[in-house]
Asker: 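Questions regarding the structure given below will be posed in turn.
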Amino acid sequence: MQPVYIEELGRHVGEEVLLQGWLFNKRSSGKVRFVIVRDGTGLVQGVVTPEAEADTFDLAERLPQESSLKMWGTVRADPRAPGGYELSVKKIEPVHIPKDPFPIGLKEHGVGFLMDRRHLWIRMRRQVPLLRIRDSVLWAIRQFFRERGFVATEAPVLVGTAVEGTTTLFPLDYFGRTAYLSQSGQLYLEATCMALGKVYWIGPVFRAEKSKTRRHLTEFWMAEAEVAFLEHEGNLQLQEDLVRYIVEFVVEDRRRELEALERDPEVLLSQVKGPFARVTYAEAVEIVRSHGVEMEHGDDFGAPAEDALSAHFGRPVFVERFPKGIKPFYMKRAPDDPSLALCADLIAPEGYGEIIGGSQRVDTEEELLEQLSEYELPREPYEWYIDLRRYGSVPHSGFGLGVERTVAWIAGTRHIRETIPFPRLLDRLYP
RNA sequence: UCCCCGGUAGCUCAACUGGCAGAGCAGCCGGCUGUUAACCGGCGGGUUGGAGGUUCGAGUCCUCCCCGGGGAGCCA
């Protein structure tokens with residue numbers, strides 16, 4: 001008999017099926033025993049009575065949590081069952097029976113305990129839907145870019161120089177030289193877009209920043225795009241289209257998982273329905289101050305400032321035209337005010353923070369050399385990057401979207417450590 | 001790096017002003033023919049993070065260290 005997955009049970013009502021999975025939980029009421037089985041696509045309740053074959057009734061009592069098993073039975077629609085379907089069990093065959101009790105129970109646990117057992121925690125109730133939503137977000141990004149004719153490409157992860165200064169880089173030995181784990185693929189995408197026109201990549205990036213907050217990982221995934229001949233305004237439109245596409249895709253694709261996490265899909269849809277809010281940096285500072293958060297003109301936005309902005313608008317908001325000094329060297333200056341950068345950060349609603357940073361890039365050799373020296377960066381490691389301005393330079397723009405923060409926002413989970421299977425944090429490298 | 005909170009049974013926590021270290025869950029044994037993190041009865045389970053100090057007496061007070069959590073800065 002061909003095995004089926006729990007998410008397909010609706011198509012097999014009345015039929016006998018084979019499920020393969022793990023024992024999530026069990027209950028007993030004497031002569032009726034209930035086994036809750038999970039298989040990665042969902043949970044289903046099996047009902048076992050003494051009429052079942054061989055020692056199946058006995059197994060339903062004896063098997064410990066997370067035993068792996070095969071289970072045969074007839075699918076029945078039953079409103080009493082979570083998920084709407086249950087299985088009248090004919091036979092259970094254990095695949096592996098754990099000798100020790102599964103460390104993670106169904107009751108509450110502390111974060112430290114769970115993080116030490118992340119390899120097992122990911123089997124549990126909230127984690128499975130969360131990781132399925134992550135998958136959906138990544139698919140949405142790929143599908144969006146493919147529909148628009150972008151070429152998926154790659155940037156190196158091992159790099160010889162910093163993108164934006166060395167303090168936040170992880171160094172490593174590279175045959176006697178120092179290499180670093182990349183903190184962004186952007187500079188390389190700028191080169192690639194001059195070859196392929198419109199490009200994107202999704203990959204891991206690394207920040208050695210000693211951040212200890214719910215919004216930071218030392219290893220996280222970025223979806224970065226870079227487009228030749230695209231200017232600031234078009235860049236913002238592209239980002240807005242992407243974010244709206246992701247939300248609508250995930251709501252359609254993973255509604256069940258969102259509901260399992262008690263995330264209301266309608267709230268998400270309403271947040272991205274209309275045009276995103278847009279303010280300049282200067283306006284944003286005033287809004288932040290009017291919400292009682294102190295900041296000076298010229299400061300970058302801290303977490304309380306971002307939260308104030310996100311509360312003020314209740315939908316995604318672009319903050320445009322930051323002072324040049326608090327943004328990196330590769331951003332183009334605004335033609336009408338050289339003290340500002342042609343850039344924008346996108347702040348997610350509900351306090352999930354900055355999910356996109358983007359800009360139009362410097363596109364002349366003169367301006368780039370000027371900015372390198374202004375930022376006191378050495379010229380040699382950037383020769384290849386300067387070359388891009390020497391051979392058919394064009395206006396171009398791009399951005400990077402933080403995958404985990406986007407997943408956290410969409411799934412409504414407060415801490416981003418749960419949005420990636422094995423988060424890397426300041427003091428956490430295991431498992 | 002800085003600020004705040006915490007570390008007691010396998011897990012989550014309690015233990016008044018310093019006075020016999022406890023409960024729920026998990027485990028094991030038994031009961032129950034529709035359970036929903038099932039329920040009911042019973043049993044076992046402790047170097048109170050570590051070192052030192054104060055005290056007749058320390059889980060509780062003091063000092064140092066270790067570990068974890070939350071937040072800040074920086075960023076996505």
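The analysis underlying the following values was restricted to heavy atoms, covering all of them including side chains, and did not include hydrogens, waters or symmetry mates. Every chain is numbered from 1, with letters handed out A, B, ... down the list of sequences.
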Asker: Can you check the A/M295 CE to B/G73 C1' distance for me, whole Å?
Answerer: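 Interatomic distance, CE of A/M295 to C1' of B/G73: 13 Å.
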Asker: For the side chain of A/V32, starting at C-beta, report the closest nucleotide among B/A76, B/A72, B/U33.
Answerer: B/U33
Asker: When we call it a touch if two heavy atoms are under 4.0 Å apart, what does A/F113 touch: a base, just sugar-phosphate, or nothing?
Answerer: sugar-phosphate
Asker: Describe the nucleic acid contact of A/E306 in one word from base, sugar-phosphate, nothing, applying a heavy-atom distance below 4.0 Å.
Answerer: base
Asker: Where the side chain of A/R214 is defined as all heavy atoms beyond and including C-beta, which of B/G71, B/G69, B/C75 is the nearest nucleotide?
Answerer: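 Nearest nucleotide to the side chain: B/G71.
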Asker: Once you apply a heavy-atom cut-off of 4.0 Å, does A/S28 come out as touching a base, just sugar-phosphate, or nothing?
Answerer: base
Asker: Rounded to whole angstrom, note down the P distance from B/U12 over to B/G69.
Answerer: 12 Å
Asker: Between A/E259 and A/R254, is there a side-chain N and carboxylate O pair less than 4.0 Å apart?
Answerer: no
Asker: Does any N or O donor sit under 3.5 Å from an N or O acceptor when you compare the side chain of A/Q65 with the base of B/G27?
Answerer: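 Donor-acceptor pair under 3.5 Å: no.
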Asker: Assign A/R215 to base, sugar-phosphate, or nothing according to its heavy-atom contacts below 4.0 angstrom with the strands shown.
Answerer: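 Base, at least one base heavy atom under 4.0 Å.
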Asker: At 4.0 Å (heavy atoms only), tell me whether A/G110 reaches a base, stays on the sugar-phosphate, or touches nothing.
Answerer: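 Result for A/G110 = sugar-phosphate.
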Asker: Between atom CZ of A/F329 and atom CD of A/Q371, what is the distance when rounded to the nearest 0.5 Å?
Answerer: 9.0 Å
Asker: Any idea which of B/A76, B/G69, B/G34 is nearest the A/E354 side chain?
Answerer: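 The listed nucleotide nearest to A/E354's side chain is B/A76.
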Asker: Would you mind checking if A/E350 and A/R263 are paired as a salt bridge, meaning a charged N to carboxylate O distance below 4.0 Å?
Answerer: yes
Asker: To the nearest angstrom, how far is A/E262 atom CD from B/A37 atom C1'?
Answerer: 14 Å
Asker: Just checking A/R117: base, sugar-phosphate only, or nothing, at a heavy-atom cut-off of under 4.0 Å?
Answerer: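 No contact.
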Asker: Among B/U35, B/A37, B/C75, which nucleotide sits nearest the side chain of A/L106?
Answerer: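 Of B/U35, B/A37, B/C75, B/A37 is nearest to the side chain of A/L106.
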Asker: Find the distance A/D345:CG to B/C74:P and express it as a whole number of Å.
Answerer: 13 Å
Asker: Given the C1' atoms of B/G50 and B/A58, what is the spacing between them in whole Å?
Answerer: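 Rounded to whole Å, the distance is 16 Å.
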Asker: Could you check whether A/R417 gets within reach of a base, just the sugar-phosphate, or nothing at all, counting any heavy atom under 4.0 Å?
Answerer: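 Sugar-phosphate only.
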Asker: For A/Y245, does the OH atom sit with more than 12 other heavy atoms under 6.0 Å from it, leaving out its own atoms?
Answerer: yes
Asker: Salt bridge between A/E226 and A/K198, side-chain N to carboxylate O under 4.0 Å?
Answerer: no
Asker: Tell me: NZ of A/K212 to P of B/C75, nearest whole Å?
Answerer: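 In whole Å, B/C75 P lies 21 Å from A/K212 NZ.
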Asker: OP1, OP2 of B/U12 versus side-chain N and O of A/K107: anything below 4.0 Å?
Answerer: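 No.
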Asker: Name the closest nucleotide to the A/R428 side chain, picking from B/U12, B/G73, B/G68.
Answerer: B/G68
Asker: Indicate, with a heavy-atom threshold strictly under 4.0 Å, whether A/G105 touches base, sugar-phosphate, or nothing.
Answerer: nothing
Asker: Cut-off 3.5 Å, side chains only: do A/E209 and A/S211 have a donor facing an acceptor?
Answerer: no
Asker: Mapping A/P101 and A/E51 to their closest nucleotides on RNA chain B, which lands nearer the 5' end?
Answerer: A/P101
Asker: Distance check, P atoms only: B/C61 and B/G19, in whole angstrom units.
Answerer: 11 Å
Asker: Classify the nucleic acid contact of A/R126 as base, sugar-phosphate or nothing, counting any heavy atom under 4.0 Å across all strands shown.
Answerer: nothing
Asker: Would you say the base of B/A76 stacks on A/F220 (centre-to-centre below 5.5 Å, plane angle below 30°)?
Answerer: yes
Asker: Touch check for A/D300, heavy atoms < 4.0 angstrom, all strands: base, sugar-phosphate only, or nothing?
Answerer: sugar-phosphate
Asker: Rounded to whole angstroms, how far apart are CH2 on A/W409 and P on B/A76?
Answerer: 18 Å
Asker: Is there a Watson-Crick or G-U wobble partner for B/C61 with both distances under 3.5 Å, and which nucleotide is it?
Answerer: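 Result: B/G53.
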Asker: With P as the reference atom in both, quote the distance from B/G22 to B/A9 in angstrom, rounded to an integer.
Answerer: 14 Å
Asker: Give me the ring orientation class for A/W384 and A/Y188: parallel if the planes are under 30° apart, tilted from 30 to 60°, perpendicular past 60°.
Answerer: parallel
Asker: Do we see a donor-acceptor contact under 3.5 Å between the side chains of A/Q186 and A/Y330?
Answerer: yes
Asker: Determine the interatomic distance between P on B/U35 and the same-named atom on B/G30; round to the nearest Å.
Answerer: 24 Å
Asker: Judged by each residue's nearest nucleotide on RNA chain B, which is more toward the 5′ side, A/R33 or A/R62?
Answerer: A/R62
Asker: May I have the distance from A/E61 (atom CD) to B/C28 (atom C1'), rounded to whole angstrom?
Answerer: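 From A/E61 CD to B/C28 C1': 12 Å.
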Asker: Counting Watson-Crick and G-U wobble pairs only, both distances under 3.5 Å, name the nucleotide matched with B/U8, or none.
Answerer: none
Asker: Please name the nucleotide paired to B/C2 by Watson-Crick or G-U wobble geometry with both distances under 3.5 Å, or report none.
Answerer: B/G71
Asker: Which part of the nucleic acid does A/E86 contact within heavy-atom distance under 4.0 Å: base, sugar-phosphate only, or nothing?
Answerer: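 Contact class for A/E86: base.
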Asker: Given B/G70, is OP1 or OP2 found less than 4.0 Å from the side-chain N or O atoms of A/H415?
Answerer: yes
Asker: Once hydrogens and angles are ignored, does a donor-acceptor distance under 3.5 Å link the base of B/C75 to the side chain of A/S211?
Answerer: no
Asker: In whole Å, measure the gap between the C1' atoms of B/C5 and B/C13 for me.
Answerer: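 Approximately 16 Å lies between the C1' atom of B/C5 and that of B/C13.
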Asker: What distance do A/I355 atom CD1 and A/E306 atom CD have between them, rounded to the nearest 0.5 Å?
Answerer: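 One gets 10.5 Å once the value is rounded to the nearest 0.5 Å.
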Asker: Determine the interatomic distance between C1' on B/G71 and the same-named atom on B/A14; round to the nearest Å.
Answerer: 27 Å
Asker: Categorize A/I36 for me: base, sugar-phosphate, or nothing, with a 4.0 angstrom heavy-atom threshold over every strand shown.
Answerer: nothing
Asker: According to the Watson-Crick and G-U wobble definitions, with both distances under 3.5 Å, which nucleotide is paired to B/C16?
Answerer: none
Asker: Ignoring hydrogens and angles, are the base of B/C75 and the side chain of A/H216 linked by a donor-acceptor pair under 3.5 Å?
Answerer: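 Such a pair is found, so the answer is yes.
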Asker: Tell me the interatomic distance from A/L426, atom CG, to B/C67, atom P, rounded to whole angstroms.
Answerer: 11 Å
Asker: Check the distance between B/G10's P and A/I104's CD1 and give it to me in whole angstrom.
Answerer: 17 Å
Asker: Among the nucleotides B/U12, B/A72, B/U35, which one has an atom lying closest to any side-chain atom of A/T213?
Answerer: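 So the nucleotide nearest the side chain must be B/A72.
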